[in-house]
A.B. asks: 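Below: one structure in structure tokens.
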Amino acid sequence: MHSFIHPLQAAVPIVLGTAKTESHIFARSSKATSKLAERYLPDPTEDVVTAPLAHDTPAEIAQPSIKDWSRGECGSDPRKTMPIIKVVTRDYKNVFNKFISLGPTSARPSACMVNEMEVADMYDAYMENNFH
């Protein structure tokens, strides 16, 4: 059901004391991206992207049978028989700032599968202790 690989072993051996967390790696990558963007992509940029029809959504369910538009088996209809096509604005210069910031939905309940946890009090305490 997923289009990505779950590796079952490390790609490279871990050297004690040199391993980085995913968060650390993403922070360093986003910081480098933002630095390069100051020179090469200083202004927000529009990109055309496609997104697949997600499982168990009206878009996927709209097809009574699976047909491939790229093979001429049906018409090409975005959001119905082919991927969703949309324009997004990317602000590469602020990738790092966005990575380290708390967005407007941070104080909303956080859910994982069917578990939900109120986080507003933790959010308020964090903001009070770190940004007074």
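Just the heavy atoms: all of them, side chains too, but no hydrogens, waters or symmetry mates, feed the values below. Quick note: residue numbers are just sequence positions, from 1.
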A.B. asks: If I take atom CD1 from residue I84 and atom NZ from residue K86, how far apart are they, to the nearest 0.5 angstrom?
C.D. replies: 7.0 Å
A.B. asks: Looking at D91 and N94, what are the two nearest heavy atoms and their distance?
C.D. replies: OD2-ND2, 2.8 Å
A.B. asks: Verify the cluster assignment for I85 and V87: are they in a single hydrophobic cluster under the rule of side-chain heavy atoms below 4.5 Å apart?
C.D. replies: yes
A.B. asks: Hey, quick one: are F26 and F96 part of the same hydrophobic cluster, counting side-chain heavy atoms closer than 4.5 Å, chains of contacts allowed?
C.D. replies: yes
A.B. asks: Could you walk me through whether K93 and L41 pass the side-chain contact (heavy atoms from CB on, under 4.5 Å) check?
C.D. replies: CA-CA 7 Å; K93 192 168 66 174; L41 294 165; over 6 Å; no
A.B. asks: Rounded to the nearest 0.5 Å, what's the gap from CZ on R28 to OG1 on T33? Could you check?
C.D. replies: 12.5 Å
A.B. asks: Let me confirm one number: the CG-OH distance from D47 to Y92, rounded to the nearest 0.5 Å.
C.D. replies: 4.5 Å
A.B. asks: Nearest 0.5 angstrom please: N97 CG to S30 OG, how far?
C.D. replies: 9.0 Å
A.B. asks: What distance separates E46 CD from T89 OG1, expressed to the nearest 0.5 Å?
C.D. replies: 4.5 Å
A.B. asks: Does a side-chain heavy-atom distance below 4.5 Å link S23 with F99?
C.D. replies: yes
A.B. asks: Does S34 use its side chain to pair, donor to acceptor, with the backbone of V95 at less than 3.5 Å?
C.D. replies: yes
A.B. asks: Kindly give the heavy-atom pair with the smallest separation between D68 and E73, and that separation in Å.
C.D. replies: N-OE1, 2.6 Å
A.B. asks: Are the side chains of R90 and V49 in touch, meaning some heavy atoms are under 4.5 Å apart?
C.D. replies: yes
